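Some notes on the structure that comes next.
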Amino acid sequence: MKNGVYSILKAKFLIDDHAVKNWRFIVFILLLAIIMIANTQRFEQKVFEITELTGQVKELRSEFVDRRSELMKLKMESTVSEKMIEKEIFPSTVPPVKIKVKKEEDKGFFKKLWQ
C-alpha cells in the first residue's frame, strides 16, 4: 500500500514500461474534459440568447397591444366624424335611398337566340 501511494505521488506510472497506455488514457480524459467545457459554454450562450429573445418578444407583444388599442380608437365613429369635420366634410342630412335593380327574366337559350 505504501509503495502504491509513493509510486502515484512520484508519477512512476508515467515513466514505466506501460506508460504509453497511461498517456493515451490521460490524453483521452483531457479531450473529454475539453469537449465537456465547450459544450457547457455553448449551452450557457444559448440560455442567454433565449433570455434576450424572450425579453424582445414581451416588448413586441406590448407594442402590438398598444398599436391595436390606438387603431381601435381611430376606427371609432366619433373619431372619424371629428376628422371629417376638420376637413369640412359634414354628415348628410338626407337619408340614403335604396336603389332597386330589376332583373330580367331568365330566358332560355333558344328564346335569346330568336330575339
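Residue numbers run from 1 in the order of the sequence given. As the structure is a computational prediction, the values presented were derived from the model and not from experiment.
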- [ ] With the side chain counted from C-beta on, respond yes when Met36 and Asn39 share a heavy-atom pair under 4.5 Å apart, and no when they do not.
- [x] no

TODO: For Thr79 and Lys75, indicate whether the former's side chain and the latter's backbone hold a donor-acceptor pair under 3.5 Å.
DONE: no

With a cut-off of 3.5 Å and sequence neighbours excluded, list every side-chain donor-acceptor pair involving residues 85-96.
from  : atom 1 : to    : atom 2 : distance (Å)
Ser92 : OG     : Val94 : N      : 3.2
Ser92 : OG     : Val94 : O      : 3.0

Gap between atom [atom2] of [Y] and atom [atom1] of [X] - 0.5 Å precision:
X     : Y     : atom1 : atom2 : answer
Thr54 : Glu49 : OG1   : CD    : 10.5 Å
Leu30 : Phe25 : CG    : CZ    : 10.5 Å
Arg61 : Gln56 : CZ    : CD    : 13.0 Å
Ile29 : Arg24 : CD1   : CZ    : 15.0 Å
Ser78 : Lys83 : OG    : NZ    : 11.5 Å

Open item on the list: One thing to verify: whether Glu70 and Lys73 come together as a salt bridge, which I'm taking to mean a side-chain N less than 4.0 angstrom from a carboxylate O.
Closed with: no

Open item on the list: Test of understanding: with salt bridge (charged side-chain N to carboxylate O under 4.0 Å, His left out), list the residues that count as partners of Glu44, not counting sequence neighbours.
Closed with: none

TODO: Step through the shown structure and confirm whether more than 12 heavy atoms of other residues, nucleotides or ligands are within 6.0 Å of CD on Glu59.
DONE: no

Open item on the list: My understanding is that a hydrophobic cluster links ILVMFWY residues whose side chain heavy atoms are under 4.5 Å apart, including indirect links. Using that, what else belongs to the cluster containing Phe64?
Closed with: Val65

